[in-house]
Each structure stands twice: as C-alpha cells, then as structure tokens.
Amino acid sequence: MKIKVPATSANLGPGFDSIGLAVTCYLVLDVLGESSAWFIEHDLPGIPHDETNLLIQTALAVCPDLQPHRLRMRSEIPLARGLGSSSSVIVAGIELANQLADLGLSDDEKLEMATQIEGHPDNVAPAIFGNLVVASYLNQSLDKIVVDFPEAALVAYVPAYELKTSDSRQVLPDNLAFKEAVLGSSVANMVVAGLLTGDLTKAGRAMSQDRFHEPYRQALVPEFAAIRSLGQDHGAYATYLSGAGPTVMTMLPVGQKSAFLEAIKSQFPDQVLDLAVDCKGVCVED
Ligand code: HSE
C-alpha cells in the first residue's frame with residue numbers, strides 16, 4: 001500500500017491561517033509490512049526512524065494499539081520552506097492509522113484531527129481535500145469550503161535556507177490596529193471573491209496587498225521584493241510568501257510561465273519548482 005500526500009501553499013497573501021492550495025509535489029509513504037517494531041526508512045538527516053518519528057506518532061495518536069509496521073517515506077517536499085512538509089507528514093500519519101486499523105474516517109474527521117495537531121487548517125485542509133480550501137477554526141469549531149482553482153501556472157522559488165514556522169510567527173505583531181485589520185480583511189475578501197469568480201487579475205492584485213503577515217516577514221526573505229518585481233515584469237497575477245516562507249510563490253497566466261521560469265532561474269541561484277494545482281489531496285494506492 002502507498003499513501004500519497006501533496007505539498008501545500010498556505011495564506012495566498014491575506015488568507016493567513018485560513019486559505020491553502022494543494023500543489024503537485026508529493027510525500028509518498030510505502031507500507032512495507034508488519035514488523036516487531038516501528039521503523040521508517042527515509043534519507044532526511046536528523047529525523048528519527050523509530051516510533052518517535054512524527055508520522056508514526058501521529059498514527060499512534062489516532063489509534064494507539066496499531067500493529068508496528070516497516071515503512072518507507074520519500075518526500076519531494078522541501079523541509080521547513082513553507083510548502084507544508086510537516087502537514088504532509090501529519091496527514092500521512094492519520095491516513096496510515098485509518099488504513100491499518102480500517103477506521104473508515106471521513107475527510108472531515110481527518111481534517112478535525114489534523115487541525116488539532118497542526119493548530120491551523122490552511123495546510124492540512126488542502127493536503128486532505130486537494131485544490132483550494134478556505135477554512136476557519138474558531139473556538140474549536142472548524143468549517144471549510146473546497147473550491148476549484150482557476151487555471152494558472154505556479155512557480156515556487158525555494159531558497160536554500162530553512163525558516164521554521166515558529167520563528168516566522170515570532171515576528172508577527174500581537175495586535176493589529178482596527179483600521180489596519182479592516183484593510184487586511186478587505187483585500188482578503190477580494191482574494192476569495194476573485195478566486196470564486198475566476199478573476200485572477202483582481203484576486204492576484206489583492207493577494208499582493210496583504211496586511212496580516214507579509215509586511216512583517218519580508219525582512220526574513222531578502223529575495224521576496226526582487227521576485228515580485230520580476231513577476232510583475234512577466235505579467236504575473238501575484239507573488240506571495242508561501243505559508244510562513246521562505247518559499248516565494250508566483251502565480252501567472254500559463255502562457256507567461258516559460259519566459260518567467262527562464263528569467264527566475266537565470267537570476268536566482270536556488271531551487272525553482274514548476275508546479276500546478278493538485279486536485280486529489282491525500283490518496284491511497286495499492
Ligand atoms: N499560516 C501559517 C503561517 C502557515 O503563515 O504561519 C504555516 O504553518
């Protein structure tokens with residue numbers, strides 16, 4: 001059995017902790033068979049191989065008496081770069097328990113569990129449902145709407161350095177002035193209305209006017225302003241900080257993608273991923 005979970009790009013500008021998009025870059029977990037003790041093969045330095053691994057811990061939190069198995073995890077999702085690597089592990093762990101114990105969990109039940117572990121739904125929701133998910137988690141009450149994403153190319157610039165979500169959240173203010181919050185909310189509303197009506201020009205303009213987190217985090221990602229400017233030169237709809245960063249996502253018309261890819265690769269030395277929207281979310285294959 002194989003469990004496949006997509007990477008995710010959260011926030012899309014002002015959709016902070018609420019909006020996320022599944023993208024075509026994957027964690028794949030092979031379930032190799034029963035064993036006397038848990039073991040997970042992978043090639044990630046510093047990540048445990050035994051039952052203290054986050055994926056196995058998550059599976060055991062869902063179902064404590066699972067029979068130990070031997071597993072193999074391969075992940076294309078860069079670690080600590082703002083593409084939902086830890087969410088993909090949590091979702092894979094929940095699905096592993098679901099399959100091994102035949103729990104028959106619904107996607108909504110998986111989302112409840114994953115959000116409780118992660119603290120916010122914007123990465124785990126699209127990792128489960130695929131596509132774009134708008135969600136809110138307020139007073140332990142979770143709601144979500146899955147939305148088909150309009151056609152667009154997605155180019156992720158993944159810097160060589162890591163940025164931990166906890167560090168990237170530390171630069172955010174404790175409070176936002178009322179006027180600033182109203183402006184932030186207005187552009188967030190425009191993002192959602194633009195996406196729902198397929199108006200990527202207006203959605204993208206609003207994505208680039210976030211007031212909730214990007215103004216505070218930009219200093220942590222020195223390449224951000226130059227990539228946004230390069231995107232504007234190539235007719236991009238939007239450039240935003242993917243999740244907590246440091247990945248910078250550029251959303252652009254499909255016809256503009258090749259020229260933008262060539263330009264960004266020639267000007268920036270680090271990894272560039274040519275992505276599309278994943279429409280399936282977590283899936284299980286034999
Ligand atoms: N919404 C989260 C953040 C995503 O920006 O901090 C990363 O977990």
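Whatever order the structure lists them in is the order used to number ligands and atoms, beginning at 1. In what follows, residues are counted from 1 in the order of the sequence shown. Below, each value reflects all heavy atoms present in this structure, side chains not excepted, and no hydrogens, waters or symmetry copies.
A salt bridge does not link Arg70 with Asp30: every distance from a Lys NZ or Arg NE/NH1/NH2 to an Asp or Glu carboxylate oxygen is 4.0 Å or more. Look at Lys2 and Asp286 and you find no salt bridge, because none of the NZ, NE, NH1 or NH2 atoms lies under 4.0 Å from a carboxylate O. Residues Arg228 and Glu214 are paired through a salt bridge, judged by an N-O separation under 4.0 Å between the basic side chain and the carboxylate.
Taking the six-membered ring where the residue is Trp, Phe260 and His234 present perpendicular rings, their angle passing 60° and hence far from 30°.
For a heavy-atom separation below 4.0 Å, the residues in contact with ligand 1 are Asn11, Phe16, Asp17, His120, Asp122, Asn123, Thr165, Arg169, Arg217, Gly243, Ala244.
In this structure, Ile128 CD1 and Thr8 OG1 are separated by 10.0 Å, a value rounded to the nearest 0.5 Å.
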Take Arg74 and Glu41 through the salt bridge (Lys or Arg N to Asp or Glu O under 4.0 Å) test and state the conclusion after the steps. CA-CA 8 Å; Arg74 289 163 291 159; Glu41 289 175 25; over 6 Å; no
